[in-house]
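Right, one structure below, let's go through it.
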Amino acid sequence: MTDSPIAYDKYDGKAIEEKWRKAWEEVALDSPDLASAKRPYYNLMMFPYPSAEGLHVGNMYAFTGSDIYGRFKRMQGYDVFEPIGLDGFGIHSENFALKIGRHPMDHAVITQKNYYNQLHAIGAMFDWTRTVETYNPDYYRWTQWVFTQMFKHGLCYRGKAEVNWCPSCKTVLADEQVIDNSCERCGKMVEKRQLEQWFFKITAYAEKLLQNSFSLDWATKVKVAQKAWIGKKEGIHITYPVVTKDGAKVADLTCFTTRPDTNFGATFVVMAPEHPLVGELFTVKSQTLQVNSVSNDGERALSQINAATTAQILDYVQASKQKTPQDRVAEGRKKTGVFTGYYCVNGLNGKKLPLYISDFVLAGFGTGAVIGVPGHDKRDFAFAIQFDIDIQRVVIAPDGDTSPISRPEQVQEEEGVMVNSGFLNGIPVQEAIEKMKDYLVNKGWGKRVTTYHLRDWLISRQRYWGPPIPMIYCQACAKADKGEQKAMPGWFTVPDSELPVVLPRIDDYKPGDDGVAPLAKHKEFYETTCPGCGGKAVRETDVSDTFLDSSWYFLRYPSVARNLEGGRWKMDIDSGRLDALNFQDVKESKVQDPSSKISNFKKSHSFPWNPDITKKWLPVHMYTGGAEHSVLHLMYSRFVTMALHDWGYIDFDEPFSSFYAHGLVIKDGAKMSKSKGNVVNPDDYIKLYGADALRLYLMFTGPYDQGGDFRDSAMEGMARWVQKVWRLAMKNISSYDASDPLVPSDSSQHSILSSATVKKALHRAIKKVGEDLERRRYNTAIATMMEFVNIVVDEEGARPQTPEPRPTSQDEVVAGGRSDGGRGVMGSDDLGNFLKILAPFAPYMTEELYQRLRAGMTDDQLASPTGGLPLTNEKKGSKSETLSQYTFTKSNSIHFQPWPAYDPKLLVDDSAEIAVQVNGKLRATVVVSRQSSVVREEVEKSARQSDRVAKHLEGKTVIKVIFVPGKLINFVV
RNA sequence: GCCUCUGUGGCGGAACUGGUAUACGCGUACGCUUUAGGAGCGUAUCCCGUAAGGGUUGGAGGUUCAAAUCCUCCCAGAGGCACCA
C-alpha cells in the first residue's frame, strides 16, 4: 500500500468499458457455438424499432433486465444465445423518415449505426455476429417467402372489405392496430373504407391459439389479453319467420345469442342498418315499398305501409351508414332506430315481435340481428324505454326482486332463476341456457354456433417502406379462370428462385390519399411476366404489414447465413455495418437488373433457417418484452409459428416457451414519450456514470415487472455505490500478497481470510441474490448486495485511505488470518464470489476487478485501467514469469465462472432472536441459543425472565401460549 | 360498463407459504475530514409523547392467538376490452 493517488481510488467506467468491449469481442465471449452447444438457452428480448431519436432509457431498462437474466443463466452453465436486431422496416420508421424529410433507405443506414452503437454501450451480452434487420433483402426475402407459403397453403386471400383507413398515415390498419377508433401509431381517428386487400386467415387458428394459451408459461396479463382478443363465444343462431302485420311470411331472419334462456322474455327484434335483409325488404328506387323476392302475401303487404314510412326507414339506414363508428358509440346509451312494419314470430310462445332497424346492432358481429330482451340486457332495456316496448321479467336475480322491471338497476344479466318461461321455470340461468339450446335445436329453429372476436389479419399496406407483397396478377389467366389457387384466378406467387422482390429506391415514396401504393406509379417495378402463361402481368404494389416482419425473426437469428458458412466475422460499429446485401447494393442495382451478389446469395440459400440449429435452439426459452405487444406481435408470431409447424417446416407450434412482460420506466409520474418531453437518453448517463451504474440504477428502481421511476438524484446514489464497491475490492486486492492470486480450490493458502461475519453475510447474499435473479427481483438482489457491502465496510472498521490499525476482537478473524487491520477483511476467493454475483448486473467493473484479482495486479502501473494487462503476457516487471497464466481467455472471464454455491451451514446462526408477544403485540425480543430456540419450554422460560414481558403479564392469567419454533412466542392473557 | 393489476414514510420501494411493518436506496439535518468544490466518513430520520407508552400499510367491517398479507364492501390510480347480443 502506498499513499500515492493511484488509479484504484476511482472507477473509470469509460476506459474500462471500452477495454472490455474489445477484449470480449476478441475472444468471442458472447458468441456461443450454436452447433456444438450442450445446454442451449435462447434468451430473447424484443428487438427495437429504430423510429426516432434513438434508444431511450426505457429500452435500456428492458434490455438490461433481459440481459441480467441471460448472464445468470450462463453462469448456471447454459450456453446462452442472446441476439439483437432492428425492426426497422415499416410504417413507424417510414413516418419518422417522412417527418424529417429523409429517404427511408438512408434513414435506415443512419439509425442502424446509431442504434448499434448505443446497444453496444449498454453492456448486454448480445451476439453481434448474428443480427437481423428486417429491411435487409436477405431477411425480407424470407418474409416474402412466408407470404407465398401462406398463399400456397390457402391461408391468404384477397377480399374487398370494409377496412380501417388512417387518413394521416394514409394506409389501412389491421383491427389490432386501431385503438379507440384511432390509429395506434399517430392517434388520428380512423375512417372506414371499402378496399380490396390481402388477408391472412388467422381465424383458422382461433381455437388453437386459444387452447394452446392455457398451457403457456406466460405472464397472465398477456394470456388474459389474448383470450379476450380471440373472444370465443358459444351461442346459438335462432331463425325467425318475418311476417307482416297480418301474419303473412315474407322472409327469415337469423339472430345470434349467447342467452337463449331469456327467450320467453323477448319483446322485439333488431337488425343492423347494414343487414342484407334491409336491402331485400326495401329498395331505394321507388318511393313505394318494394318487397323483393317474396310471396304474393308479401305483395299484398305493399299497400299496408305507405311510402312515407319507407322513406323514413331508408333515411335512417343512410344516416347510420354515414356515421363514423365513434359517433355511433358516442350517442351511446341514447338509442335510435326505426320500426320496419314487420314482425318476427317467436316459436316458443307464438308472440309477434316487432322488427326494428337500429345502429346499436353491429353488422360485423354475430348475424347482425339480435333478439331484444329488455328485462335482461341493458342495451335492450334502453331501446325498449326509448320506443315504449313491453318489458318482461323472466329471471329472478339473487336479490329476490320479482317486481316489474322499470329501472336500469333491475336489469339483471348474469345469474338467477328462470320465471315466466314455460318449461324453464325454476331452473338456474346456466342450466337453462343449455336446456333452451337443446330445445331450439330439436325444434329445428336454432343451430349451435361458436363465434370469435378475432378477425382475419389484414396484411397489405398501401405504403412504400416494407417488403413488396410477392404476388403477380395476370389478366389473361384470370379471364381463363386459371391461377395458382382455384379460388383466386389470375394470381400467382413469385417463384422462390426469384425472391426477394427487391424494394427499389424511388423518390416519390410518399403515400397518397388515393389508397394506391407508391410502387403502383412505377412501371419498371410492376411490369413483369406471368409465371403461369408467360404473358404480360403485373406485380402487386402493396407492401406487407410490419408485424409480418417481426412474426418470424426469432427463427432467423440462430441461422443467419454468414455464421453457417464458418469463419468469424468481426463487428465494425463505426462503419455502420450492413449485410452482404444492403441498400448500397440495392441502390446500385435497379430492380430489373439484380446484381450478381443477389444471384449468388440465392444459389447458396434455399431455406430461411438451418433445420438442425433450429431444432436445437427453438422454441425460444425465454422471451422478454413489453406487455403492449400482447395482442399484436405475440399473437401474429404464434399464428405464423403454428402455420409453419403445420406445413412441416418446424417441429414446434409455439414460438416462445416463456414470455416475461417487463414494466415501463416512467419519469415525473408519466410514461416516457417525446410528446411529454420526458425522454431520457441513456448515452449521457453512461458517459457520466458508466454503463454498470446505470444498469444497476435502472434495475434498482423497482420490481422488473412493474417498471420504475427515473430520478437523477437516485442515479447519483447508485454511482456512489459503484465507486464504493470498486474501492473496497481494490483495497482487498492490494492487501493480498503478490504471490497470492485467486486460488479458488484451497483457501487455506490465503494470507487473509474473511472474518466469520463477512463469510456468513456472503453466503446469505449468494443464496438471496440467486433466488432473486430466478424470480427477476433485481431490486432486492441489489439491496442484498448493498447490505453485504455495508457489513464488510463495518467489519473493516478503518477508512480506505487511513490505514490505522483497526480495533479487532480476535474472534472476528478466522484463525490463521492476518489481523493487522485496515487492509481488508475478505479472503480472495470470497471477494471473487462476491464479484461473481454482482457480475450479471455490472459486467464491466466486475470483469476488471476479477481479472485484477486473478493476476494479483496491485501496483500502480498494472492498476491503471488502460494497462490492458489481461490481454497480453508481455508486461515487464517482477511478475513477468507468471503472467502467462493471466492471459485473458473466454473460460477465465468472470462471466463464464459457475454461479457460486453457498454453504447451508453458514446460513444458520448460533443464536436466534425470538419475538415475544403478549396478546399479539410485540413486547420484547429475547436471544437464545440455536438449540433452545426450537424448544418451547426454554423459550418460554427466557421470555418470562424479560422485565418488559413480566410487566405485561403481571396480574394476568395466561390462557394460551403460541409458539413458532425459532421465531416467536405469543402469550394470550 | 366488464376484465386484470396496484395503493406501505418526504420520495423509489422491502416484508418467501399470515408470525418482530418500513430492509435497501434517495432526500433531509447535524458533525468529522478536505485550501475550496466535490467526494468520503459518522450519527439521526414513520407519527404522537419528556418518558412510560400509544398509534400507523387507501377507507370500513370480518376471520385469527397473530393480518400489509386471507374474506366482504367501498374509494383512488394504471393497463386491457368494449353498444360483442
Side-chain angles (χ1 to χ4, degrees), chain A residues 9-10 179-180 220-229 231 233 235 255-259 262 270 325 328-335 358-362 364-373 376-380 382-383 413-414 451-453 627-628 630-631 664 666 671 697 700-703 705-718 720-721 723-724 727 768 771-772 775 777 779-787 789-790 793 798-802 913-925 951 959-964 967-973:
Chain A
D9 65 355
K10 194 157 189 324
I179 311 293
D180 279 338
T220 39
K221 210 203 276 187
V222 175
K223 291 211 272 186
V224 166
Q226 291 216 346
K227 192 181 167 190
W229 191 261
K233 293 226 165 71
C255 298
F256 173 74
T257 182
T258 55
R259 293 294 304 278
T262 59
V270 197
R328 281 197 183 189
V329 178
E331 283 171 15
R333 321 293 160 232
K334 210 181 89 201
K335 298 287 184 280
S358 172
D359 61 10
F360 87 83
V361 175
L362 304 176
F365 186 79
T367 59
V370 300
I371 312 148
V373 185
H376 305 287
D377 181 284
K378 284 184 178 142
R379 292 151 308 185
D380 294 353
F383 191 80
E413 304 193 72
E414 288 298 311
T451 65
Y452 298 91
H453 168 260
E628 69 273 18
S630 299
V631 290
L664 298 173
I666 56 170
K671 193 173 155 179
Y697 169 63
F700 190 59
T701 52
D705 58 348
Q706 281 171 41
D709 192 357
F710 194 92
R711 275 158 51 240
D712 284 1
S713 62
M715 171 73 242
E716 282 161 23
M718 186 56 82
R720 285 202 291 269
W721 188 71
Q723 294 295 342
K724 192 172 182 177
R727 282 195 308 269
K768 176 82 164 104
E771 287 165 358
D772 283 349
R775 296 188 301 149
R777 302 289 287 211
N779 55 333
T780 49
I782 294 165
T784 302
M785 290 187 281
M786 287 174 167
E787 281 181 81
V789 169
N790 289 347
V793 169
R799 295 170 204 165
Q801 270 136 11
T802 46
E913 197 186 29
I914 306 286
V916 185
Q917 298 180 336
V918 177
N919 279 355
K921 282 199 194 305
L922 182 75
R923 293 304 174 188
T925 57
K951 200 167 135 192
I959 312 166
K960 205 169 158 191
V961 179
I962 312 274
F963 178 63
V964 183
K967 277 208 157 157
L968 169 146
I969 188 158
N970 186 10
F971 295 96
V972 186
V973 295

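Computed over heavy atoms, backbone and side chain alike; hydrogens, waters and symmetry mates excluded. Labels below follow one simple rule: chain letters A, B, ... track the order of the sequence lines, proteins then strands, and each chain is numbered from 1.
Contact annotation: A:N779 side-chain N/O to B:G25 OP1/OP2 distance is not under 4.0 Å. Phosphate proximity of B:A82 to A:R379: absent, as no side-chain N or O sits under 4.0 Å from OP1 or OP2. A:N970 has no side-chain polar atom (N or O) that falls below the 4.0 Å cut-off from OP1 or OP2 of B:U20. Taking only side-chain nitrogens and oxygens, A:K724 never comes nearer than 4.0 Å to OP1 or OP2 of B:G40. In this model, the phosphate group of B:A14 is approached by a side-chain N or O of A:R777 to a distance below 4.0 Å at OP1 or OP2.
Among the heavy atoms of the strands, none lies under 4.0 Å from A:D380. Heavy atoms of A:G366 sit nowhere under 4.0 angstrom from any nucleic acid atom. A:V972 comes within 4.0 angstrom of sugar-phosphate atoms only, judged by non-hydrogen atoms across all strands, and of no base. Within 4.0 Å (heavy atoms only), A:Q706 reaches no atom of the nucleic acid at all.
Qualifying side-chain contact (heavy atoms from CB on, under 4.5 Å) partners for A:N790, counting only residues two or more places apart in sequence or in other chains: A:K724. Considering only residues two or more places apart in sequence or on other chains, A:Y697 meets the ring pair (Phe, Tyr, Trp, His ring centres under 6.0 Å) condition with A:F710.
Side-chain proximity of A:W229 to B:A15, B:A82, B:C65: nearest is B:A82. Listed nucleotides: B:A82, B:C65, B:C24. Nearest to the side chain of A:H453: B:A82.
When the C1' atom of B:G12 is taken as reference, atom CE of A:M786 falls 12 Å away, rounded to whole Å.
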